[in-house]
Amino acid sequence: MCNQASKQFNRRDLVKTTTAFSMAAGVASFMRPTKLFAAGADSRESHFFLHINITDGLDVNYLFDTRPLDMTAKGLITNYHGKDPVRYTGKNGQSTLRTTLTDPLMKWSDQFSIINGVVMSPTFQGHDQLTNMLLTGNPFGGESFIPFNNQLSRPLDFIQSGRIDANILNEGGGIKMSPAACKKLVDRVAAVGGNARALKSMHRQSMEVAKIPSTLGNSALRLAASSMALPDLAGRMKKLQITVPDETQQGTERERFLASTKAEINMVTEMMRAGITDSGVIAFNQNIDSHGPETAQALPVTVQNIVDALATVFEHLSSTQSPSGRSMLDDTTILIGSEFSRTMRQAGKAIDKSGTDHNPLTNTLIVAGKGIKGGLVLGQSDCQTAEEVQTAAHDSVDPSRVSIMGRPFDFAASVPLPEAKPSVFDHRQYISAQNVVNAVQDVLDLPKNKRFALGRNLPVAPSLQALLV
Amino acid sequence: MVMKNLTRILPSKMFLGLLITSTLVSCGHKRHHDSAATPPTPPTPIPEPVIDGEVRLRGYSELSKLIERSMMSSNDTFSLAGYVGGGIDEFPGPIGLAPLMGYYNPDPVNPGWQNSSANTLSSAVYMLAFHDFSDDLSQTCGETSALEVKQVVPNERFSTLIKAYCAQGTSMASGDLRELWGFMTAHLAPDEDYDLWRQDLIDVNELPVKERLDFLVTASLSSPWLMFHF
């Protein structure tokens, strides 16, 4: 019987089947936001994704890839923090120097892993290009890996707060808005969800067009499904608790940033918990593009604010319950990063009056949460000491020697190769953003054909297996 | 089990995938139970139903132009986005809700209609816009609007037809009702859709004017013939 039905299956039957099922299931239960890969009919295996994008190029020297102060004293690298870093050793025995600015994050150090020495690109240096690289694997942009327009999220692919400058072609299933705007939208959608007559007509018209085997028919089918699911969406939106920072309240820039972050992560998790989306993006738009000395000198304060905001995110996730009963931190895979790091200094300027420029040769990415092995330090960058001699490979892409660069990495043993002295730059020998993102894609179980390549005419970047649980 | 799964998902590629998977699973179960009696046979290949493309939503910018050309006075600039505004669509252009609603990207590298497969939230936002548009339009019939300022300036003929509809519902002259349908669908819907549209309107004839108008606007503008660029 099954085979018979299969043989006779055609698109008209599908339309009929869809109609029949939607009628049988009723408006409210049709298309509940259950993942396609849910284990059982009534279980919902929560798995969310959160990306925090620190826009404009963060100097990772102020985070988890710091240099000793004697290098500043020797005029090699700016450091306006003025405090000696502390050594941090991960569970895997690898270590790095971190600034005390990162102290507020150490409470969750078992939850996240640090990837240092990430080579973003040997050639491209622009903000948009490297943001594109991080999100799409291509400096000119393309489809983002963030689960836009695939089965991971329903009915909304993602929600984003803040600005990210990137050329992303598949973001139409999501929304970008502040908590204030989201609250207004939620309130209005909750109110409009009851227009059952109009929805019925919308569904009827769409199903008529859906009978036409065409791309328009396909879209009409989707529109019909959307109209059926709208009351359910409105019902869930009614229950959301979107908080909005009091804009009239006086406060320092730091206080406003932290209050804003708290509202943004709350917005994202509320939408996740209600089954409206499985993906969230929060952009930290702080003043960190430190070409000018004033901005560079303010970095210790700015980075402290960013770290505190990250701690706010971790705190919120760990204290908020996921639909699974675990915490949102347990059920969310998290990727934190900026598009690139900064040069050590600017040529011709005194070390205490120098800004820093774009450095795509190293970066630090932080990954955490569901499916990620926490507490690791992976990768390493060069120029660890004033005496270190840069490799010929480094010189080939940074002849002026103003930049720190990632070290070659042994992907099989998951250890950096400080003794390696390559004479020619080969991207495959270094950790790239693509290696990290592909690991995240593995965790999210995204389609294999979406994995990022190392570049044009280069193979798919192997995912950083050490990160995976 | 199959039923439960099917009622949970979008009827898109995913739907098809699961439909096939569910069918296969059901077949697999059956074969398993029968395995003692008959040896397993290789599954018959199922022809893959092809739904391999979609068209994009026009977006409220392009839809506004259609409405403007069809219904508004020649010197009126009409914007559905204006109704969505009010602090919701806080980023103008292709940054805020435009990717969700659909838009034309003139980018020299990737020009064309981008983003925006219809989804639940974009449908909701369109309904918000249609609702406020109808509220605005109701002032043409002398109704009180919740909006602070009347934005629409209907063209003369459309205004006459709307007033007739407000006063008489579908009892208005049949030729006029058909003409109103043309205006409301920007002359894009095929003729054979008219009878169903009219029947939908008959079903709401007893409602107050504002609710009828809300239905007229929402039901007409949410037609796939208007919503999608194809």
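By convention in this document, chain letters (A, B, ...) are assigned in the order of the sequence lines, proteins followed by strands, and residues within each chain are numbered from 1.
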Portion of A:Arg163 that has a non-hydrogen atom of chain B nearer than 4.5 angstrom: neither

Options B:Pro190, B:Ser220, B:Ala124, ranked by heavy-atom pairs under 4.5 Å with chain A, top entry: B:Ala124

B:Tyr165 six-ring centre to B:Arg212 NZ/CZ under 6.0 Å and within 45° of normal: yes

Best-contacting candidate, A:Lys183, A:Glu208, A:Met202, A:Arg204, against chain B by heavy atom pairs under 4.5 angstrom: A:Arg204

Toward chain A, the part of B:Thr218 with a non-hydrogen atom under 4.5 Å: side chain

A:Phe140-A:Phe124 aromatic ring centre distance below 6.0 Å: yes

Residue part contacting chain A, namely of B:Leu207, when any heavy atom lies under 4.5 Å: side chain

B:Ser145-B:Asp136 side chain donor-acceptor pair, cut-off 3.5 Å: no

Polar side chain donor-acceptor pair, B:Asp193 to B:Trp181, under 3.5 angstrom: no

Side chains of A:Ser214 and A:Asn218, donor plus acceptor under 3.5 Å: no

